[in-house]
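These notes concern the structure reproduced below.
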Amino acid sequence: GITPWVTLFHWDLPQALQDKGGWANRTTVDAFVAYTDLVTKRYAGQVKHWITINEPWVHSFCGHQFGVHAPGLKDLKTTLAVAHHLMLAHGRAVPVIRANVSGAQVGLSNNLDWIEPASDRPEDHAAAQRHDGAFNRWFLDPLFKASYPQDMVDWYGPLMPDVRTGDLKEMSAPTDFLGANYYTRRLMAHDPAGRGTEGRTFLAAKQVYRSFVPRGHFDEWEIFPEGLYRLMVRLKQDYGNPSLIITENGTTLPDEVGADGMVHDGTRIRYLARHAAALHDAIADGVKMKGYFVWSFMDNYEWGFGFTKRFGLVHVDYATQTRTIKDSGYWYAETVRRNGFPISAANHFSLT
């Protein structure tokens, strides 16, 4: 009874391709298209919902600018080439999926934040604009406008990737939905360190926090459901009101099984309830919200953080593989039943 939604690339690039430069090498686009053709032909009769790329910002910037994900590089020019090739691979894969899968529903999942200036100072507004340009608009504008944001093109200057004739048109191939992964708001302030290449200082911007705003187990992630509402309305206003799927939304907590054999995660229940209310408000304001996935169904591997971050509605004892439904899992199941929706909880699995 499960409807599968398959993500073709969730950062797990074969080492043989990385040895040739990975996504910084334009030929990896061709390899991805060939892989897409093979997989979608094989599963055409079983899978109708396809996500090409998961969070291209994370793979490009976290893997090639900040060095915290594979392949662990710190080079902005390489980062921008990787980002360009990821988006080009998405665009070229879309018609291949449509040709192979009758009635296919195709999209891409972007991690998107609601971004605000930390103060009314003009320099903080400019910092927030740059961060939005690098984090949100750098990936949304090619999808919906067949262009890169000009302010960021000017900012990156000679570091810009090799954009060839036809690339941006291919990147904007019509899709059936935009997947949005939302977790947090970011307050951005001017960083006097300037255009350095380490960390986020390459944007002359830094994140600041408000002591009264709660955060999850990821310290830099504020719990700010109002940002989800504002982000959805912004997508409607700036990008032609696309059909939206929330492909990830959730929080990580230091969950433990108690003496009663239960996992009491009231904070996660409040998180999900408040974000559901934010989506309700967005729908009331005309946003075309077509689906929602909690991240995640089970506790799982969180990349550079290993098994230390628990997002699941189901607790996993990694030593014994015992699974325990958390209070949030029972709450969510009852909530979707009462509202007439199928249960949506995501875990990504690699096909390779």
Side-chain angles (χ1 to χ4, degrees), residues 9-13 15 17-19 21-25 28 53-87 89 108-116 118 126-140 142 148-149 151-153 155-161 181-209 215-222 248 252 295 301-309 311 348:
F9 179 71
H10 192 133
W11 317 335
D12 49 348
L13 188 69
Q15 185 64 44
L17 292 179
Q18 186 59 47
D19 290 343
W23 282 104
N25 186 335
T28 299
I53 308 285
N54 178 72
E55 297 186 343
W57 180 89
V58 172
H59 186 67
S60 55
F61 280 84
C62 290
H64 301 80
Q65 170 64 18
F66 309 136
V68 296
H69 280 203
L73 304 180
K74 294 184 179 181
D75 182 80
L76 184 54
K77 186 174 180 63
T78 300
T79 297
L80 296 177
V82 168
H84 183 74
H85 294 153
L86 284 167
M87 297 302 294
L108 171 145
S109 286
N110 276 330
N111 55 309
L112 302 170
D113 288 347
W114 177 251
I115 297 166
E116 298 179 12
Q129 178 76 1
R130 288 192 297 274
H131 188 68
D132 179 69
F135 195 92
N136 292 330
R137 290 182 287 122
W138 197 251
F139 299 93
L140 291 171
Y148 281 122
D151 60 328
M152 298 309 300
V153 172
W155 181 264
Y156 291 138
L159 299 178
M160 277 290 294
N181 298 349
Y182 175 82
Y183 290 98
T184 190
R185 170 186 73 165
R186 297 192 190 273
L187 291 174
M188 303 306 297
H190 176 67
D191 184 352
R195 295 188 186 218
T197 58
E198 294 299 317
R200 289 197 173 91
T201 58
F202 75 96
L203 293 171
K206 62 182 178 182
Q207 186 175 358
V208 298
Y209 303 94
R215 303 186 217 170
H217 199 205
F218 271 117
D219 287 344
E220 65 180 28
W221 288 5
E222 291 184 342
E248 291 184 23
T252 174
W295 185 262
Y301 180 71
E302 185 56 36
W303 304 98
F305 294 92
F307 295 101
T308 64
K309 305 295 184 183
F311 279 94
H348 289 312

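Note that the structure is predicted; figures quoted are calculated from it, not measured. Here, residue 1 is the first one in the sequence, and each next residue gets the next number.
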- Task: Output, in order, the C-alpha distance, side-chain angles, deciding distance and verdict of side chain to side chain contact (heavy atoms under 4.5 Å, CB included) for Phe135 and Ile115.
- Result: CA-CA 9 Å; Phe135 195 92; Ile115 297 166; 4.3 Å; yes
- Task: List in chain and number order the residues that pass side-chain hydrogen bond (donor to acceptor under 3.5 Å, both in side chains) with His84, two or more places apart in sequence or in another chain; answer none if no residue qualifies.
- Result: Tyr148, Asp167
- Donor-acceptor contact present, side-chain Thr252 to main-chain Lys309, <3.5 Å: no
- Task: Heavy atoms only: give me the nearest Gly133-Pro149 pair and the separation to one decimal.
- Result: O-CG, 4.3 Å
- Assign the ring pair His69 / Trp11 to parallel, tilted or perpendicular, where the plane angle (0 to 90°) is split at 30° and 60°. tilted
- Is Phe139 close to Ser60 at the side-chain level, that is, under 4.5 Å between some pair of heavy atoms? yes
- Find out whether Val58 and Trp303 are in side-chain contact, i.e. whether some heavy atom of one side chain is under 4.5 Å from a heavy atom of the other. no
- Note on the structure: Rounded to the nearest 0.5 angstrom, the CG-CD distance for Asp75 and Gln65 is 7.5 Å
- Message: Show every salt bridge (charged side-chain N to carboxylate O under 4.0 Å, His left out) that has at least one partner inside residues 56-67, sequence neighbours left out.
- Response: none
- Side-chain heavy atoms of Glu302 within contact of Thr308, under 4.5 Å: no
- Please name all residues satisfying side chain to side chain contact (heavy atoms under 4.5 Å, CB included) with Ala126, sequence neighbours left out, ordered by chain then number. Arg130
- Message: Going by the rule ring pair (Phe, Tyr, Trp, His ring centres under 6.0 Å), which residues pair with His64 if we only count those two or more places apart in sequence or in a different chain?
- Response: His59
- Query: Roughly how far, to the nearest 0.5 Å, is the OG1 atom of Thr79 from the NZ atom of Lys74?
  - Reply: 11.5 Å
- Message: Would you compute the distance between atom CE of Met152 and atom CE of Met160 and round it to the nearest 0.5 angstrom?
- Response: 10.0 Å
- salt bridge (charged side-chain N to carboxylate O under 4.0 Å, His left out) partners for Asp151, two or more places apart: Arg137
- Task: Under the salt bridge (charged side-chain N to carboxylate O under 4.0 Å, His left out) rule, collect the residues that match up with Asp113, sequence neighbours excluded.
- Result: Arg186
- Please identify each residue that fulfils side-chain hydrogen bond (donor to acceptor under 3.5 Å, both in side chains) with Thr184, with sequence neighbours left out. none
- Item | Partner residues of Trp114 under the side-chain hydrogen bond (donor to acceptor under 3.5 Å, both in side chains) criterion, sequence neighbours left out | Glu116
- What residues, two or more places apart in sequence or in another chain, satisfy side chain to side chain contact (heavy atoms under 4.5 Å, CB included) together with Asn25? Lys20, Thr27, Thr28
- Message: Test side chain to side chain contact (heavy atoms under 4.5 Å, CB included) on Met87 and Leu108; report intermediate values, then the result.
- Response: CA-CA 9 Å; Met87 297 302 294; Leu108 171 145; 4.1 Å; yes
- Contact summary for Gly22 and Leu13, nearest pair of heavy atoms: CA-CD2, 3.6 Å
- Item | Side-chain heavy-atom pair Leu73, Val82 within 4.5 angstrom cut-off | no
- Message: List the residues meeting ring pair (Phe, Tyr, Trp, His ring centres under 6.0 Å) with Phe61, not counting sequence neighbours, and say none if there are none.
- Response: Trp57, Phe202
- Query: Could you give the distance from OH (Tyr182) to CD (Glu248), rounded to the nearest 0.5 Å?
  - Reply: 14.0 Å
- Item | Taking every non-hydrogen atom, the tightest pair across Pro71 and Gly63 | CD-O, 3.5 Å
- Message: On a heavy-atom basis, which atom in Trp138 and which in Val153 lie closest, and how many Å separate them?
- Response: CZ3-N, 4.1 Å
- pair Tyr156-Leu80: side-chain heavy atoms closer than 4.5 Å: yes
- Message: With rounding to the nearest 0.5 angstrom, report the CG to NE2 distance, Leu203 to His190.
- Response: 12.0 Å
- Closest heavy-atom contact between Pro56 and Ser109? CD-O, 3.5 Å
- Test item: Asn54 side-chain N/O and His10 main-chain N/O as donor-acceptor pair under 3.5 Å: no
- From CG (Leu187) to CD (Gln207), nearest 0.5 Å: 7.5 Å
